[in-house]
Amino acid sequence: MSMMMIVTRMTTMMTVIMTITTMMTIILTKMVTVTIMMLNMCQKLLACSKEDCSNSAGQVEVKTTSVILRSLLPHAQYSISVEALAASWGSDSYVLAVTDMAAPEVAPAPSPASPSTVRTNTSITVQWDPPHSCQQLNGYLYEYRYELLIPNDTSHVQEGLTRLTTASFRNLTPHTEYTVKVFAVTPGGWNPTQPLVITTRTRATVPGPVEKLEIYKRDRRTLGIRWAAPKELYGTLQSFTVSYRAPGQQVVRSVLKPTWCVAWPKLYCHTFKSLRSDTEYTVAVQGRNDEVDEDGEPTELKGITKESGKTSF
């Protein structure tokens with residue numbers, strides 16, 4: 001625990017030997033022969049000159065040569081004085097002492113504008129305001145600590161320090177909810193129990209490529225294909241676009257609702273019909289979600305229809 005002492009006037013009757021964030025130890029250098037009263041009052045908060053701290057005051061009866069004053073404000077200047085209760089104890093004695101800075105007891109304030117200023121499918125930028133309570137900072141605001149997390153996951157995706165009131169995060173996963181925690185930092189440290197919590201989400205993007213595409217049947221005029229859904233949907237699967245083309249011909253496309261195959265409950269199926277025999281076709285499948293009005297990356301495969309007179313397999 002850090003210690004600090006600043007004495008602006010000291011008599012031969014009393015001295016401050018130690019101050020920490022919320023208490024200080026006072027030693028009386030003159031033998032105590034009568035009960036005396038020790039008074040303490042906060043004169044000012046060193047980091048908050050406009051705030052009144054005089055309500056932080058107290059008194060204690062002293063019958064020994066040392067006393068510990070507790071429940072003081074961090075980073076505050078106190079006037080400590082003593083006086084006899086029943087008899088003369090000599091001239092008044094007082095010192096001015098300062099408690100040390102501490103970790104803040106207040107979080108940064110939410111930005112009056114949107115907390116997420118920029119969002120793409122792989123990045124976010126958030127903003128905030130300084131804490132509204134100067135007194136609860138317990139010292140001079142030095143910087144901010146930020147942490148990026150995925151909800152229900154204790155590991156930090158990204159973390160760092162900044163003296164700005166914004167932070168940017170990149171290389172994120174599309175259509176994913178993130179939690180940003182921001183903490184005020186003073187020379188006395190930072191308080192993990194006082195975060196500003198910002199919840200945001202990266203924008204969606206098109207689905208990834210479908211998986212396990214294969215031609216499972218063919219004859220002279222048809223090609224039957226099956227496939228699995230994309231691993232990354234980035235939303236709810238809305239449709240598939242299936243297409244085929246022969247060399248030198250235009251692409252023929254169809255849009256299908258995502259319905260499981262009867263024979264393969266975890267796969268999707270489609271049959272291209274009215275094809276030419278003994279012809280190589282390039283077939284493709286693309287997924288589309290409900291977030292972006294655009295098809296995803298195509299998965300392609302080549303297949304040849306049967307020659308005339310040959311049966312399918």
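Annotation: side chain of K302 is in contact with side chain of T282 (closest heavy-atom distance under 4.5 Å). Two residues are said to be in side-chain contact when any heavy atoms from C-beta on lie closer than 4.5 Å; Y281 and L275 meet this criterion. You'll find the side chain of T305 stays beyond 4.5 Å of the side chain of D219, heavy atoms only. Annotation: side chain of D278 is not in contact with side chain of K306 (no heavy-atom distance under 4.5 Å). Between M101 and P74, the closest side-chain pair of non-hydrogen atoms is not below 4.5 Å. L161 places a side-chain heavy atom less than 4.5 Å from the side chain of E143. Using a 4.5 Å cut-off on side-chain heavy atoms (C-beta onward), V157 and I150 make contact. Contact check for V197 versus T179: side-chain heavy atoms found under the 4.5 Å cut-off.
Rounded to the nearest 0.5 Å, atoms CG (N191) and CG (N138) are 9.0 Å apart.
Nearest heavy atom pair, residue T205 against residue P174, reads CG2-CB, 3.5 Å. Here the closest non-hydrogen pair linking A76 and L45 is CB-CD2, 3.7 Å. In terms of heavy atoms, P104 sits closest to T186 at CG-CG2, 3.6 Å.
Listed by first then second residue, pairs satisfying salt bridge (Lys or Arg N to Asp or Glu O under 4.0 Å) with a partner in residues 112-136 number zero, not counting sequence neighbours.
Ring centroid separation for the pair H75 and Y140 comes in under the 6.0 Å cut-off. F240 has its ring centre less than 6.0 Å from the ring centre of Y268. Separation of the W190 and Y144 ring centroids does not fall under the 6.0 Å cut-off. In this structure, the ring of Y146 has its center no less than 6.0 angstrom from the ring center of F183.
Salt bridge status for R145 with E159: present, with a side-chain N to carboxylate O gap under 4.0 Å. Residues R226 and E214 are paired through a salt bridge, judged by an N-O separation under 4.0 Å between the basic side chain and the carboxylate. Between K181 and E147, no side-chain nitrogen of the basic residue sits less than 4.0 Å from a carboxylate oxygen of the acidic one, so the salt-bridge criterion is not met. Here D293 pairs with R288 in a salt bridge; the nearest charged N to carboxylate O distance falls below 4.0 Å.
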